[in-house]
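Numbers restart at 1 for each chain; the letters A, B, ... are given by sequence-line order, proteins then strands.
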Amino acid sequence: MFRIVREAIEPAALESAVRSGDGGAVTFVGIVRSRADDGRPVTGLSYEAFEPMAIREFRIIAAEARERFGDVAIAIVHRIGELRVGEIAVAVMASAVHRGEAFDACRYAIDEVKRRAPIWKEERYTDGTASWRANPSGDLGGSAAGGRGGAEHRSAG
Amino acid sequence: MFRIVREAIEPAALESAVRSGDGGAVTFVGIVRSRADDGRPVTGLSYEAFEPMAIREFRIIAAEARERFGDVAIAIVHRIGELRVGEIAVAVMASAVHRGEAFDACRYAIDEVKRRAPIWKEERYTDGTASWRANPSGDLGGSAAGGRGGAEHRSAG
Amino acid sequence: MRIRVLAFARLRELLGAPEITLELPEGARVVDAWSALAQGCSELDEQRASTRAARNGNLVAFEEPLADGDELAILPPVGGG
Amino acid sequence: MRIRVLAFARLRELLGAPEITLELPEGARVVDAWSALAQGCSELDEQRASTRAARNGNLVAFEEPLADGDELAILPPVGGG
């Protein structure tokens, strides 16, 4: 299950990817926080995605996780559009026969999603302003022309 | 939320332990597998617990995770009684402002639950026999009189 | 003195009951309770090396002294999760 | 040749549209498309160092040649999760 969705994410839906022989499943959910990293109070986030490329990237990340950690099942769902504080922006599930591989694969998948899935977020602040926020790792997997993460690009408001 | 339950575990219920400032939550679920570690086909498991001590151990494990990994919220729920293949035996949720601490705390908590929570499982095989199965790490946190894990104690059947 | 013994999993099966009451002389330790339980049950006694004891909910060594009214749990290696 | 440009997030705002069509001379590369887009928009051009390009869904260098009918996506640093 590799999806970009516009409605609320139900983490339980990702359990359908667990296979009958799996003994452990690890699910990560990323939740919209009430404060930005710099402490500014946030009213919500707006996400957008380059959808076909994002979904393809999810599949590639899952294939890489299987190469690295063995026989794991992976599901990745990311929400786009307007999200309020406390809502789930992303859910990643990894399951395997044993828990070690499931933990490692889940961690790898969310780290890579944040680093290179073509998805962007704009923070909306309580003072009415907004700004696009890149992840510290968010250089899309390496710099073609000198990529740089963590930058702030303040938008009109 | 630290509980021993007799009915089906809904992992979503553990999300109530997530705090408003948390940006990431990691949930592990342990699922009854169709085969024992030695490959024997299993019809189900029977769990029993020393309940007050198990719940106290859950609380101690959570406190230790907070000492080690910082400000994390933790929930641990273990089911006892008869479980069928595919059912959830245990769920552990850890949430924190950032995902690294949530992953580390969740992993620590399930590892420690398996090592020292006073909970036992009997595997029931398709041939009608059954045996108590200890975890490889399941020495209750150190040997008083020469503890030993992973042993099989075949019971009457 | 009188203590209450709780047994779990394989130890419960070997003891034949989840809970029994023992009468022990003053000054008895956990090891004396174990000996009383294992008397005549070699299969139970064979589990000694892998068994942990909890006195009133706290893990203790087999040398721990007991007191009247204690709850003594005998715990085989665990298999939760 | 004619290519379709997709822009996202801050780059979309600076470009003023999520999608525009460019006419470029034969032999044009990604960098030529960028120059055409950035012409007269210094704020967009300032993003060049942090921008990645995807040609028909695959990340490419700015020196990559383009072909008629290509889809070129310009991608600022990502912030998913």
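Around CD of D/Q39, the count of heavy atoms belonging to other residues, nucleotides or ligands within 6.0 Å does not exceed 12. More than 12 heavy-atom neighbours from other residues, nucleotides or ligands sit within 6.0 angstrom of CZ on A/R19. In the displayed structure, A/R56 atom CZ is contacted under 6.0 Å by more than 12 heavy atoms of other residues, nucleotides or ligands.
No donor-acceptor pair under 3.5 Å is formed between the side chain of A/W120 and the backbone N or O of D/F8.
Contact of A/R116 with chain D is made through the backbone alone, with heavy-atom distances under 4.5 Å. Using a 4.5 Å cut-off between heavy atoms, D/L14 does not touch chain A at all. Neither the backbone nor the side chain of A/A54 comes within contact range of chain D, judged by heavy atoms closer than 4.5 Å.
In terms of heavy atoms, A/F50 sits closest to D/A73 at CE2-CB, 3.4 Å. A/L140 and D/L59 make their closest contact through O-CD1, 3.4 Å (heavy atoms, listed as atom of the first residue, atom of the second, distance).
Note that the CE atom of A/M53 and the CD atom of D/E71 stand 10.0 Å from one another [nearest 0.5 Å].
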